[in-house]
Amino acid sequence: MNMIELKHISRTFRVQKQSITAVNDVSLTIEQGEIFGIVGFSGAGKSTLVRCINLLERPDTGEVIVNGLNLMQLSKPQLRQARKKIGMIFQDFNLLNQRNVLKNVSYPLELDHADKDAAEKRALELLELVDLQDRATSYPAQLSGGQQQRVAIARALANRPDVLLCDEATSALDSEATASVLDLLRSLQKKLHVTIVVITHELSVAETLCDHIAVMDGGRICEVGKAAQVFAHPTSETAIRLIEPAYALARSLYQRRPDLFKNKEARLT
């Protein structure tokens, strides 16, 4: 079953009297329950594309269909409801420093006027899910980067989303914290059957985590396929330029953490 369908999506910005097309006629299908990566060089249009999925960036043309709903056709109240089923996490965590961990996680539920006790119960369940139940009363400044990202992930799951969008979610983390967050995302996908879309320029992240990937360049999709196949046999010029210098990094990660690759069709040897 298709969870996300993007049909002929385009998005153009005006910058200093010039038109810049960040996303150019992109069509893409993402299956329910898979982990899908979108990779490319800086400026390829990856972040703009992922923000089109929940209409944080509204496409100029095309259709955005999530779980059977064409978001482009929804009224503002309907779109607000639909967005509750699309969680999002960011590179810089976006936590509220004046709130402790528990209140950061329950914040989306408070905005939705949920019962206070029910919101706190849900937040505690999520903290246990991300293995931070002992840090409920801590504040973001008291946590490591990896722990802060786990809080952000828990918060993104508060409304039981069908889709989780990850925009460079590990870019600010060291290698150990990155491996921990990748383990968590894979575990969540299996437990919750949530569809995860990962935007990253870290090719080792895409190879270890994603089932399928799309390679972007100049606002267009230039290659789509199973992650293992694209890494083993890239066909587009952009994929080749991306993968060759990054392959040594992925091989190094495999040597240190081969367990991350246990479900992959290809091995980096």
Side-chain angles (χ1 to χ4, degrees), residues 1-91 94 156 159 161-169 171 194-201 206 210-227 230 234-239 241-242:
M1 175 183 172
N2 295 337
M3 175 56 70
I4 299 169
E5 294 179 81
L6 305 180
K7 299 182 178 181
H8 302 290
I9 294 296
S10 294
R11 183 70 171 102
T12 299
F13 299 95
R14 293 285 296 177
V15 180
Q16 296 180 348
K17 298 183 179 180
Q18 291 184 334
S19 294
I20 298 176
T21 300
V23 177
N24 191 351
D25 194 27
V26 167
S27 295
L28 197 61
T29 299
I30 299 173
E31 297 294 320
Q32 181 181 21
E34 76 170 322
I35 303 178
F36 193 99
I38 301 174
V39 303
F41 291 109
S42 178
K46 307 183 298 295
S47 291
T48 301
L49 180 62
V50 78
R51 289 167 181 266
C52 285
I53 294 175
N54 59 5
L55 297 199
L56 287 181
E57 290 290 348
R58 192 175 186 91
D60 302 309
T61 61
E63 295 180 85
V64 178
I65 301 171
V66 179
N67 203 14
L69 283 177
N70 189 335
L71 302 190
M72 299 286 284
Q73 296 178 350
L74 300 182
S75 65
K76 288 184 178 180
Q78 290 172 329
L79 180 58
R80 283 195 294 270
Q81 286 297 119
R83 279 178 174 156
K84 293 176 184 178
K85 293 299 182 181
I86 308 174
M88 193 165 189
I89 60 175
F90 304 88
Q91 176 181 349
N94 284 356
N159 282 309
D162 300 312
V163 175
L164 183 61
L165 307 178
C166 306
D167 191 359
E168 299 284 5
S171 296
V194 63
T195 302
I196 301 177
V197 182
V198 177
I199 303 299
T200 184
H201 68 274
C210 299
D211 302 309
H212 290 81
I213 63 170
V215 181
M216 284 193 75
D217 187 29
R220 292 182 178 273
I221 299 292
C222 55
E223 187 167 351
V224 181
K226 290 184 177 180
V230 173
T235 58
S236 66
E237 180 183 346
T238 300
R241 287 191 293 120
L242 272 169

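- Two residues are said to be in side-chain contact when any heavy atoms from C-beta on lie closer than 4.5 Å; Met72 and Pro59 meet this criterion.
- With Asp167 as the partner, the side-chain contact (heavy atoms from CB on, under 4.5 Å) test is satisfied by one option alone out of Leu56, Ile199, Thr200: Ile199.
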Could you walk me through whether Gln73 and Ile65 pass the side-chain contact (heavy atoms from CB on, under 4.5 Å) test, one step at a time? CA-CA 10 Å; Gln73 296 178 350; Ile65 301 171; over 6 Å; no

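- In plain terms, the two heavy atoms of Gly45 and Val23 that are nearest each other are O-CG2, 3.9 Å.
- From Ile38, atom CD1 reaches atom NZ of Lys46 across 9.5 Å, with rounding to the nearest 0.5 Å.
- At a threshold of 4.5 Å between non-hydrogen side-chain atoms, the residues Glu34 and Ile4 do not count as touching.
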Does Leu6 form a side-chain contact (heavy atoms from CB on, under 4.5 Å) with Leu49? I'd like the steps, not just the answer. CA-CA 10 Å; Leu6 305 180; Leu49 180 62; 3.7 Å; yes

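- Heavy-atom minimum distance, Ile53 versus Val66: O-CG2, 3.8 Å.
- Note that CG of Asp217 and CZ of Arg241 are 5.5 Å apart. Values are rounded to the nearest 0.5 Å.
- For Glu63, the side chain to side chain donor-acceptor pair (under 3.5 Å) partners are Asn70, not counting sequence neighbours.
- Atom CD of Glu31 is surrounded by more than 12 heavy atoms from other residues, nucleotides or ligands within 6.0 Å.
- Here the CG atom belonging to Leu165 is positioned 11.0 Å from the SG atom belonging to Cys52, to the nearest 0.5 angstrom.
- Nearest heavy-atom pair across Phe36 and Cys210 is C-SG, 4.1 Å.
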Given the rule in the side-chain contact (heavy atoms from CB on, under 4.5 Å) test, do Arg220 and Asp25 qualify, once you have shown the distances and angles that lead to the verdict? CA-CA 7 Å; Arg220 292 182 178 273; Asp25 194 27; 4.3 Å; yes

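- Contact check for Leu55 versus Arg83: side-chain heavy atoms found under the 4.5 Å cut-off.
- For the atom pair CG of Asn24 and CD1 of Ile221, the computed distance is 11.0 Å after rounding to the nearest 0.5 Å.
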Evaluation steps, side chain to side chain donor-acceptor pair (under 3.5 Å), between Glu223 and Thr235: CA-CA 7 Å; Glu223 187 167 351; Thr235 58; 3.1 Å; yes

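- Ser27 places a side-chain N or O within 3.5 Å of a backbone atom of His8 that can act as its donor or acceptor partner.
- Atom NZ of Lys226 sits about 13.5 Å away from atom CD1 of Ile213, to the nearest 0.5 Å.
- Heavy-atom minimum distance, Ile86 versus Pro161: N-CB, 4.0 Å.
- In this structure, Arg58 contributes its side chain and Arg11 its backbone to no donor-acceptor pair below 3.5 Å.
- The minimum heavy-atom distance between Val39 and Ala206, with the atom names listed, is CG1-CB, 3.7 Å.
- A pairwise comparison of heavy atoms in Ile196 and Cys166 identifies CG2-SG, 3.9 Å as the closest pair.
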Might you work through the side-chain contact (heavy atoms from CB on, under 4.5 Å) test for Val50 and Met88, ending with a clear yes or no? CA-CA 10 Å; Val50 78; Met88 193 165 189; 4.2 Å; yes

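- Interatomic distance, CG of Asn2 versus CD of Gln32, reported as 9.5 Å (0.5 Å rounding).
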